[in-house]
Protein chains: 4
Amino acid sequence: MNRAITASDGKAPRTERGRRTLRGILDAAAIEFGERGFHDASISGITRRAGVALGSFYTYFDSKDAVFRALVRDMSDQVRDHVAPAVRAAPDGIAAERAGLEQFIGFVRQHKEIYRIIDESEFVDPDSFRLHYATTAERITRRLAAAAAQGDLRADVSEVHAWAVMGMNVFLGLRYGVWDDDRGVEDVADTVAEMLRSGLGR
Amino acid sequence: MNRAITASDGKAPRTERGRRTLRGILDAAAIEFGERGFHDASISGITRRAGVALGSFYTYFDSKDAVFRALVRDMSDQVRDHVAPAVRAAPDGIAAERAGLEQFIGFVRQHKEIYRIIDESEFVDPDSFRLHYATTAERITRRLAAAAAQGDLRADVSEVHAWAVMGMNVFLGLRYGVWDDDRGVEDVADTVAEMLRSGLGR
Amino acid sequence: MNRAITASDGKAPRTERGRRTLRGILDAAAIEFGERGFHDASISGITRRAGVALGSFYTYFDSKDAVFRALVRDMSDQVRDHVAPAVRAAPDGIAAERAGLEQFIGFVRQHKEIYRIIDESEFVDPDSFRLHYATTAERITRRLAAAAAQGDLRADVSEVHAWAVMGMNVFLGLRYGVWDDDRGVEDVADTVAEMLRSGLGR
Amino acid sequence: MNRAITASDGKAPRTERGRRTLRGILDAAAIEFGERGFHDASISGITRRAGVALGSFYTYFDSKDAVFRALVRDMSDQVRDHVAPAVRAAPDGIAAERAGLEQFIGFVRQHKEIYRIIDESEFVDPDSFRLHYATTAERITRRLAAAAAQGDLRADVSEVHAWAVMGMNVFLGLRYGVWDDDRGVEDVADTVAEMLRSGLGR
DNA sequence: AATGAATGAGAGTTCATTCAT
DNA sequence: TATGAATGAACTCTCATTCAT
């Protein structure tokens with residue numbers, strides 16, 4: 001669950017002090033990228049926040065792209081880990097998706113920078129972007145398939161449904177997690193769960 | 001329907017020659033931004049493609065941001081106009097959403113640069129980004145409400161449903177429109193329509 | 001004879017002003033590289049000397065390496081052009097080599113930066129270095145062969161002799177042209193001519 | 001004849017372990033400088049090759065320039081020592097020069113990095129460069145004078161001849177030792193010896 | 001003696017924007 | 001309106017050298 005701290009090229013710090021510095025740089029990077037976006041962010045901004053010299057950055061990362069990549073990976077893992085327990089604990093397939101959305105919105109409210117980081121990767125490092133969403137979609141696909149096998153959901157659930165669910169979650173997270181807190185998370189989650197259960201038809 | 005061609009500050013070219021140059025710059029910009037993304041795109045790349053001198057760019061636009069903004073607006077309008085007729089012609093609420101998705105995926109297959117432009121605006125000009133999605137969500141909200149009033153859909157449809165639908169569309173467009181053409185548009189649209197009609201429950 | 005002024009990629013200036021600027025940058029580069037050597041030379045040093053803005057450099061050259069390359073080529077052509085007339089005018093083969101050396105030392109006394117530029121290319125851009133010396137050696141080889149055909153020189157002159165002659169010239173130029181002016185050029189040239197004529201044997 | 005291993009400031013290591021480390025660093029430096037040239041070479045490259053920590057370098061040398069200087073000195077001594085015996089054993093003056101060239105080309109074929117090191121010193125540490133060539137020229141001058149006194153060579157041999165001979169050797173070494181092995185060393189040496197004996201005249 | 005993290009000056013390069021013609 | 005040269009701020013990355021352990 002606790003991701004090993006890794007820099008570029010497996011440059012793993014050999015001393016305790018090194019480990020602390022690396023962690024500090026990563027945290028500072030999350031803030032810098034989150035606040036200013038990839039292109040307006042600067043390495044010197046990161047090291048200033050981290051309280052280390054400019055050059056120290058390059059002791060741990062090969063380039064600006066490299067930290068960003070590490071960060072996308074880090075955030076991607078973090079959401080997954082944050083959402084997983086509640087999903088696993090859910091009594092049935094619909095409840096699992098409801099829990100997934102609820103946890104997700106809750107997470108983005110705590111980490112509003114996540115969109116700035118994961119979504120911007122589409123433009124900075126498309127591979128990371130694709131990897132994140134492809135992996136997430138697969139996870140949802142498996143989840144739906146298992147629920148269908150369980151008899152919780154219709155038998156024909158597919159990748160298309162998974163992408164639909166993921167798309168809903170991402171946009172609802174943006175609207176009700178990042179943009180505005182005006183609507184209760186539970187409320188949103190209930191609404192969606194009901195829609196998933198029986199559709200929009202009358 | 002056909003937007004007047006406008007540059008920054010509503011600088012509308014007075015001569016025919018000016019109009020041609022402006023159109024050329026805008027088209028070139030769409031290609032340049034689509035291929036390289038906002039930050040890697042360059043004004044000189046745009047003018048080179050347009051076949052005009054670098055300085056001529058500034059006769060029509062105040063800045064790089066300005067063209068980008070104009071382009072986001074342009075693409076936003078284009079999708080809307082491309083999707084609208086089929087939606088209007090649909091016999092009922094579910095069919096309308098089905099048509100919307102179908103048309104949308106069809107559109108992005110023709111204009112794969114749209115994500116590079118509209119989605120990147122989140123990082124370049126957040127106002128344009130918000131405007132595009134807020135406007136789109138409102139349109140869908142109105143559509144759903146009308147269908148509910150018509151008796152086509154459940155009575156409690158809301159903004160939440162609209163964002164859910166929009167999110168689905170955007171991600172399915174990305175997956176089956178931009179990334180891969182491996183699945184028929186009709187197939188995807190049917191699957192989603194069925195899900196919207198009666199949910200995922202058994 | 002008069003080399004066309006060329007920048008990188010055939011970026012030929014279109015206006016008269018552009019031509020002046022390019023010439024100014026090249027001249028400044030010769031001074032900067034000559035005084036400080038390739039690595040200690042800086043682009044900003046060049047533009048400062050040329051009296052133009054830093055960025056203007058990149059209007060004409062793609063990189064620091066590129067100017068250097070252009071300069072090596074330029075100097076190489078200059079020596080050749082400076083030496084040629086006297087060589088051509090010489091009455092016989094030995095006299096031609098004598099004239100070549102004399103002119104060469106004279107030239108390096110006027111352009112002491114030439115070693116700093118051509119010889120440093122061995123480390124900066126080996127291709128330019130090789131090209132310069134391979135071309136020069138070929139020229140000497142042809143010269144010797146023609147003189148042999150003429151009956152001026154022994155019949156078996158070869159590439160080996162050409163390289164030997166070139167090496168002598170280069171080192172004598174360094175010693176009596178760049179390092180010290182303590183010995184008359186004619187004196188040196190006479191000594192070498194006599195040695196070439198009849199060797200060191202008694 | 002075998003130079004004591006010395007670092008900067010005559011810092012001679014006290015322990016056996018220290019001596020091994022120093023030797024390792026010097027050898028690694030020869031390879032690093034030979035392969036990448038002075039400026040592209042890096043201290044970390046040297047220590048990596050030597051298998052010691054970065055900081056250890058500074059236990060033995062004060063700076064990058066210092067190792068380089070030590071190396072130039074080292075190589076200069078090595079050529080001298082490699083060439084000397086055959087020269088001394090030669091029966092007469094021409095034969096001595098022939099032997100010198102032959103040995104020199106042989107040496108550079110084994111140590112192609114020598115040009116990268118000695119010649120680059122012109123740009124890195126001009127004093128070392130001058131010292132090397134001035135010393136070598138003096139040695140040749142003495143050799144020629146002795147041979148003249150012996151009656152082997154013409155009586156008027158001078159410093160000019162010595163520089164001419166040195167220049168030939170250096171360039172023939174570059175051409176037939178470093179660039180290409182296409183011509184036999186003996187062949188080249190014979191050709192030059194014959195030229196030295198009786199010149200190029202008919 | 002040895003280690004390896006930390007430092008920070010310095011340089012090359014990019015490119016949006018301005019301006020003289 | 002069009003042209004293209006000129007500008008210079010800004011940024012990433014390198015690496016010799018220092019220092020605490």
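Chain identifiers are assigned alphabetically (A, B, ...) following the order of the sequence lines, protein sequences preceding nucleic acid strands; residue numbering begins at 1 within each chain. Quick note: numbers below take in every heavy atom, side chains included, and nothing from hydrogens, waters or symmetry partners.
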>> Between B:S76 and B:V72 (side chain of the first, backbone of the second, donor and acceptor by atom type, cut-off under 3.5 Å), is there such a pair?
In response: no
> Can you check whether A:F57 reaches A:V67 side chain to side chain, under 4.5 Å on heavy atoms?
Replying inline: yes
> Which of parallel (below 30°), tilted (30 to 60°) and perpendicular (above 60°) describes D:F33 and D:F38?
Replying inline: parallel
>> Measure CZ/C:R48 against P/F:dA6 and give the value in whole Å, please.
In response: 19 Å
> Below 4.0 angstrom from OP1 or OP2 of F:dC13, is there any side-chain N or O of A:Y58?
Replying inline: yes
>> Taking the minimum atom-to-atom distance to the side chain of B:S42, which one of F:dA6, E:dA16, F:dA2 wins?
In response: E:dA16
> E:dC15 phosphate, OP1 or OP2: any side-chain N/O from B:S44 under 4.0 angstrom?
Replying inline: no
>> Let's see if you can work this out: which of E:dT14, F:dA16, F:dT3 has an atom nearest to the side-chain heavy atoms of B:A53?
In response: F:dT3
> On DNA chain E, nearest-nucleotide positions of A:R17 versus B:K64: which is more 5'?
Replying inline: A:R17
> Rounded to the nearest Å, what distance is computed from the CG atom of residue B:L22 to the P atom of nucleotide F:dT1?
Replying inline: 11 Å
>> Given 3.5 Å as the limit, does a donor-acceptor pair link the side chain of B:T47 with the main chain of B:I43, or not?
In response: yes
>> Strictly below 4.0 Å: does D:Y60 bring a side-chain N or O up to OP1 or OP2 of E:dA2?
In response: yes
> How close or far is atom C1' of F:dT12 from atom CG of A:D62, stated in whole angstroms?
Replying inline: 13 Å
> Quick check: does any side chain N or O of A:S121 sit under 3.5 Å from a backbone N or O of A:V124, one acting as donor and the other as acceptor?
Replying inline: no
>> Could you check whether B:E35 pairs with B:K112 (Lys NZ or Arg NE/NH1/NH2 to Asp/Glu carboxylate O, under 4.0 Å)?
In response: no
>> Between C:S63 and E:dG12, is there a contact of a side-chain N or O with OP1 or OP2 at under 4.0 Å?
In response: no
>> What is the separation between atom CD1 on A:I43 and atom C1' on E:dT7, rounded to the nearest whole Å?
In response: 16 Å
>> Of the options E:dT7, F:dT3, F:dA2, whose atoms approach the side-chain atoms of A:V52 most closely?
In response: E:dT7
>> Both B:G55 and C:F57 contact DNA chain F. Which one's nearest nucleotide lies toward the 5' end?
In response: B:G55
> So, C:E32 side chain and C:S42 main chain: donor-acceptor pair closer than 3.5 Å or not?
Replying inline: yes
>> Please pick, from E:dG4, F:dA5, F:dA2, the nucleotide with the shortest atom-to-atom distance to any side-chain atom of B:S56.
In response: F:dA2
> In whole Å, what is the span from the CD atom of C:E32 to the P atom of E:dA11?
Replying inline: 10 Å
> Does F:dG4 have OP1 or OP2 sitting under 4.0 Å from an N or O in the side chain of C:T59?
Replying inline: no
>> Using whole Å, what does the distance between atom P of nucleotide E:dA6 and atom CD of A:E16 come to?
In response: 11 Å
> How does DNA chain E look in dot-bracket form if you count Watson-Crick and G-U pairs under 3.5 Å, write [ ] for pairs that cross, and put | where a base pairs with another strand?
Replying inline: .||||||||||||||||||||
>> Rounded to whole Å, please give me the gap between CG in A:D40 and P in F:dT12.
In response: 10 Å
> Once you round it to whole Å, what is the distance between P of E:dG12 and CZ of C:R36?
Replying inline: 10 Å
> So, are C:E113 and C:R36 salt-bridged, with charged N and O less than 4.0 Å apart?
Replying inline: no
>> Here's a test of your reading of the structure: between B:L54 and A:F38, which maps to the more 5' nucleotide of DNA chain F?
In response: B:L54
>> Considering every strand and a 4.0 Å limit on heavy-atom distances, what is the contact class for A:A41: base, sugar-phosphate, or nothing?
In response: sugar-phosphate
